[in-house]
J.: 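Below is one structure. I have some questions about it.
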Protein chains: 2
Amino acid sequence: MAVMSTSERLIESTRELLWERGYVGTSPKAIQQRSGVGQGSMYHHFDGKPDLARAAISRTAAQMRAQIDAQLSRPGTAMERITGYLRRERDVLKGCAIGGLTQDPEIIADDSLRQPVDETLRWLRGRLAEVLAQGRDQGEIAATLDPAATATAVVAVLQGGYVLARAAGSAEPFTVAVDGILGLLASA
Amino acid sequence: MAVMSTSERLIESTRELLWERGYVGTSPKAIQQRSGVGQGSMYHHFDGKPDLARAAISRTAAQMRAQIDAQLSRPGTAMERITGYLRRERDVLKGCAIGGLTQDPEIIADDSLRQPVDETLRWLRGRLAEVLAQGRDQGEIAATLDPAATATAVVAVLQGGYVLARAAGSAEPFTVAVDGILGLLASA
DNA sequence: GTCTATATTTCGATAGAC
DNA sequence: GTCTATCGAAATATAGAC
């Protein structure tokens, strides 16, 4: 890993831990150990755990948005781009770094932590709706489908696919769920 | 609430807390306070937190299975039964009492806790696949659709719908996602 | 900016009296 | 079966020296 400032190392370690263990399951001590930053140093740069989490979540949200936008902006038909996004390689068993946070009661209770999560998922729904609207205009999918509702269902399949995969201890249900929604889109 | 034995009160309180706060976020002390059962008493009836969680999760799983099975066994066409299940009244913002557990790293790490979760979601996929196969045989949905994959997508939409709703702080995305998958099923 | 010391609560449980 | 006492570790910081 490239050389990073103390602040950067703290944010990156917090990002990892939030993904692996959630907010409630992540302790300041664990962040210090993973980052190699001392107690005093950590509290010098950040007010505490919520402050660190805010920085980490905002960065993860921005990064996810950029990555997905790039993927959906590639050349190809609407269905090709959506298929490419749904089937892209993922560490399925780790779950979604953003969506997974919604299970945490302390994230949901704190608007400043919930908001970046909400914005990211809301943006994704909108972006997919745009692509689906293009597909409808090009006659790739039925004109009767509502792009916004269909896009929300697609995002939900991804988020729910992670849930099923983690329960099963296998990526298989995720893949099957994606096949299922693509089958429905193809025949609609 | 009806009079309950000490053991029952512990299990019921643990069920509630697991739903509200997850496994990592639920402490033995909180269980004692909610149930009104003392420390010594709790450790007399159960070995500890994992043991209590096993009892609570198993009960929630059995109850969910029975309730959904009853709903899907009602009279009506396949699409009517599926629509009834997807649109039934729910406390959407609480999320799924079973699916939500998959976000917890300690649940996933412990096979005896993960297994009832996996079995429940696996059973649900299978049960919905049966209903979809009936619908296909009756010509309600396209013969080209794979019932198993479609059922998995439907379950994923529910689980993902909870995620989107909790992020938004509103049931709306859940409802929209359900409308989206029903629209796809209707036009397929 | 970073370090070590200290502080208060809670976690998750065990021990042993009643 | 239930109660109170006790325990070692971890959570989440604050204080103050360097």
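Order of the sequence lines sets the chain letters (A, B, ...), proteins ahead of strands, with each chain counted from 1. Heavy-atom basis, side chains included; hydrogens, waters and symmetry copies ignored.
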J.: Looking at residues at least two apart in the chain, or sitting in another chain, which of them share a salt bridge (Lys or Arg N to Asp or Glu O under 4.0 Å) with D179(B)?
T.: R87(B)
J.: Would you mind listing every ring pair (Phe, Tyr, Trp, His ring centres under 6.0 Å) that reaches into residues 169-188 of chain B, with sequence neighbours excluded?
T.: Y162(B)-F174(B)
J.: Looking only at non-hydrogen atoms, find the nearest pair between R127(A) and D69(A) and report the distance.
T.: NE-OD1, 2.7 Å
J.: With side chains defined as the heavy atoms from C-beta onward, is the minimum distance between S187(B) and L145(A) less than 4.5 Å?
T.: yes
J.: To the nearest Å, give me how far apart CG (L10(B)) and P (dA13(C)) are.
T.: 14 Å
J.: Looking only at heavy atoms, what is the nearest atom pair of A56(B) and T14(B), with distance?
T.: CB-CG2, 3.7 Å
J.: So does Y23(B) get a backbone contact from the side chain of D104(B), meaning a donor-acceptor N/O pair under 3.5 Å?
T.: yes
J.: Please list, chain by chain and in numerical order, all residues satisfying salt bridge (Lys or Arg N to Asp or Glu O under 4.0 Å) with R59(A), sequence neighbours excluded.
T.: E8(A), E12(A)
J.: Under 6.0 Å from the NZ atom of K94(A), do we count more than 12 heavy atoms belonging to anything else shown?
T.: yes
J.: Just how far, in rounded Å, is C1' of dT6(C) from OH of Y43(A)?
T.: 14 Å
J.: Who pairs with D146(B) by salt bridge (Lys or Arg N to Asp or Glu O under 4.0 Å), at least two apart in sequence or on another chain?
T.: none
J.: Look at S27(B) and dT10(C) and indicate whether a side-chain polar atom (N or O) is within less than 4.0 Å of OP1 or OP2.
T.: no
J.: Taking the axis from the first five pairs and the axis from the last five, what angle separates them in the helix from dG1(C)-dC18(D) to dC18(C)-dG1(D), rounded to 10 degrees?
T.: 10°
J.: Of all nucleotides in DNA chain D with an atom under 4.0 Å from a non-hydrogen atom of chain A, which is the first and which the last going 5' to 3'?
T.: dA11(D) to dT14(D)
J.: Want to settle it: does V24(A) or G36(B) sit nearer the 5' end of DNA chain D, counting the closest nucleotide to each?
T.: G36(B)
J.: Just to be sure I understand the rule, does G40(B) reach a base, reach only the sugar-phosphate, or reach nothing, if contact means heavy atoms closer than 4.0 Å?
T.: base
J.: Heavy atoms only, 4.0 Å cut-off, all strands: where does S5(B) land among base, sugar-phosphate and nothing?
T.: nothing
J.: To the nearest Å, how far apart are Q32(B) CD and dT10(C) C1'?
T.: 12 Å
J.: Send over the distance from H44(B) NE2 to dA13(C) C1', rounded to a whole Å.
T.: 16 Å
J.: Whole Å only: how far is the NZ atom of K29(B) from the C1' atom of dT8(C)?
T.: 12 Å
J.: For M42(B) and dG12(C), what is the distance between atoms CE and P respectively, to the nearest whole Å?
T.: 9 Å
J.: For the pair made of CG in D51(B) and P in dG12(C), what is the distance, rounded to whole Å?
T.: 15 Å
J.: dT14(C) P sits how many Å from K49(B) NZ, rounded?
T.: 15 Å
